[in-house]
Amino acid sequence: MMGKYVLITGGELFNKGAQAMTFTTVNEIKSRFKDKEIVLLSSRDYLRDKNEKEQYSFKILPMNLDISFALPPLLG
């Protein structure tokens, strides 16, 4: 599999059910693709406090149409 990142879209952390599905998805991806960085694309979760976001084992970036151009510098 090429690339450094696995992008997750449609996940979120506000609703406990969706949060559980996101954590399960991240866990499964990490177990299968140990060399990949996981990025959750969620505009709402991106607005969370920096300290809160740092507790997760994945990065959170806002979802927008320009994300493909913004990813390399943001993930740097």
Side-chain angles (χ1 to χ4, degrees):
M1 180 183 251
M2 293 182 59
K4 181 179 177 180
Y5 304 100
V6 175
L7 303 180
I8 299 175
T9 61
E12 61 142 294
L13 304 174
F14 284 90
N15 170 298
K16 291 300 178 191
Q19 182 184 59
M21 288 188 283
T22 299
F23 289 157
T24 300
T25 300
V26 168
N27 187 51
E28 287 297 314
I29 292 170
K30 282 188 170 289
S31 71
R32 296 170 195 218
F33 305 102
K34 295 178 183 354
D35 62 331
K36 305 295 181 192
E37 287 189 51
I38 300 174
V39 179
L40 174 66
L41 298 177
S42 171
S43 296
R44 192 170 172 204
D45 289 302
Y46 181 73
L47 298 175
R48 291 174 178 267
D49 181 73
K50 181 183 175 190
N51 291 331
E52 184 179 356
K53 291 188 292 188
E54 287 176 349
Q55 72 180 332
Y56 301 119
S57 63
F58 51 90
K59 294 184 183 208
I60 301 174
L61 293 176
M63 177 65 155
N64 63 50
L65 296 176
D66 297 325
I67 195 68
S68 61
F69 299 111
L71 277 176
L74 287 173
L75 294 171

- In the single-linkage hydrophobic clustering (I, L, V, M, F, W, Y; side-chain heavy atoms under 4.5 Å), do Met21 and Met63 co-cluster? no
- Query: What's the shortest heavy-atom distance between Lys53 and Ile60, and which atoms?
  - Reply: CG-CD1, 4.1 Å
- Gap between atom NZ of Lys36 and atom NZ of Lys4 - 0.5 Å precision: 10.5 Å
- Item | Least distance between heavy atoms, Ser31 atom then Glu28 atom | OG-O, 2.9 Å
- Message: With rounding to the nearest 0.5 angstrom, report the CZ to CZ distance, Phe58 to Phe23.
- Response: 5.0 Å
- Message: What's the separation between atom CG in Leu61 and atom CG in Asp45, rounded to the nearest 0.5 Å?
- Response: 11.5 Å
- From Ile8, Leu40, Val6, residue fulfilling side chain to side chain contact (heavy atoms under 4.5 Å, CB included) relative to Thr25: Ile8
- Query: Can you tell me how far CG of Leu7 sits from CD of Glu37, rounded to the nearest 0.5 angstrom?
  - Reply: 11.0 Å
- Please check if the side chain of Thr22 supplies one atom and the backbone of Leu13 the other of a donor-acceptor pair under 3.5 Å. no
- Message: If I take atom NZ from residue Lys59 and atom CG from residue Leu41, how far apart are they, to the nearest 0.5 angstrom?
- Response: 12.5 Å
- Query: Is it true that the NZ or CZ of Arg48 lies under 6.0 Å from the centre of Phe14's six-membered ring and within 45 degrees of the ring axis?
  - Reply: yes
- Under the side chain to side chain contact (heavy atoms under 4.5 Å, CB included) test, which residues partner Ser57, sequence neighbours left out? Val26, Lys30
